[in-house]
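Hydrogens, waters and symmetry mates play no part in the numbers below; they use all other heavy atoms, side chains included.
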Amino acid sequence: MSWEKEKKAIAYKVMRQKTKIFATFTKGKPTLSISTRAEGDIAEVKVPVDLTDTHVIKKIEKELEKEIKSEIEKAVQQAQKNKSDIFGFGEVVHRTDPKAWKKLEKEWNDRTFAELEVDVKVEALIRSTGLVNNSFHTILKKEGK
């Protein structure tokens, strides 16, 4: 994860993740919604950052959400480009509306899945920073070293 223009500045370890996938139909055309909630810990910090400040934690969570969302979207786009429903979105569509699925099934991978609109929502939570007080990098920065 990048932090304040530093690449791989903070490592986040996912401890729990829950993902839900829903299908909705508009004029016979399916749209998928992916909702992910990730809970984890700060595993490593390579930059001075005040992990005792709740505003900083919230800011890191927002950055995590953006990064996780981006990774999910990239994976979906690559699967669509390859016309390969590796995520089982067709099953979600089938469970949601079996009659609509019958009409979509024949062209699912080649056409419908490849053009499918997918909405991704991510909630990332930091449960623990692993620290009682500030990181070593933050202490050194405050001491001017």
Least distance between heavy atoms, Y12 atom then A38 atom: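 What the structure gives for the nearest pair is OH-O, 3.4 Å.
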G90 to D85 - nearest heavy-atom pair and separation: N-OD2, 2.7 Å
Can you find a pair of side-chain heavy atoms, one from [X] and one from [Y], that are under 4.5 Å apart?
X: K83; Y: F113; answer: no
X: H55; Y: K59; answer: no
X: I34; Y: T19; answer: yes

Working for side chain to side chain contact (heavy atoms under 4.5 Å, CB included), residues L116 and W108: CA-CA 9 Å; L116 187 66; W108 179 252; 4.1 Å; yes
Could you grab the distance from atom [atom1] of [X] to atom [atom2] of [Y], nearest 0.5 Å is fine?
X: T24; Y: D97; atom1: OG1; atom2: CG; answer: 11.0 Å
X: R95; Y: I21; atom1: CZ; atom2: CD1; answer: 8.5 Å
X: T112; Y: Q80; atom1: OG1; atom2: CD; answer: 11.0 Å
X: E115; Y: D110; atom1: CD; atom2: CG; answer: 10.5 Å
X: E67; Y: I60; atom1: CD; atom2: CD1; answer: 12.0 Å

Intermediate values then yes/no, side chain to side chain contact (heavy atoms under 4.5 Å, CB included), F25 and T96: CA-CA 9 Å; F25 287 85; T96 303; 4.0 Å; yes
Could you see if [X] belongs to whatever hydrophobic cluster contains [Y]? Use Ile, Leu, Val, Met, Phe, Trp, Tyr and a side-chain cutoff under 4.5 Å.
X: F22; Y: I72; answer: no
X: V122; Y: I10; answer: no
X: V76; Y: L104; answer: yes
X: I68; Y: L125; answer: no
X: V120; Y: V93; answer: yes

Chi angles and distances behind the side chain to side chain contact (heavy atoms under 4.5 Å, CB included) call for K29, T26: CA-CA 5 Å; K29 185 178 175 185; T26 307; 5.5 Å; no
Whether Q17 side chain and T36 backbone form a donor-acceptor pair below 3.5 Å: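 A pair under 3.5 Å: no.
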Salt bridge flag under 4.0 Å for residues E123 and K121: no
Test log, rule side chain to side chain contact (heavy atoms under 4.5 Å, CB included), inputs Q78 and K74: CA-CA 6 Å; Q78 187 62 49; K74 283 182 203 172; over 6 Å; no
Over 12 non-hydrogen atoms of neighbours within 6.0 angstrom of CZ in R111: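 Counting other residues, nucleotides and ligands, CZ of R111 stays at 12 neighbours or fewer.
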Whether over 12 other heavy atoms sit under 6.0 Å from E105 CD: yes
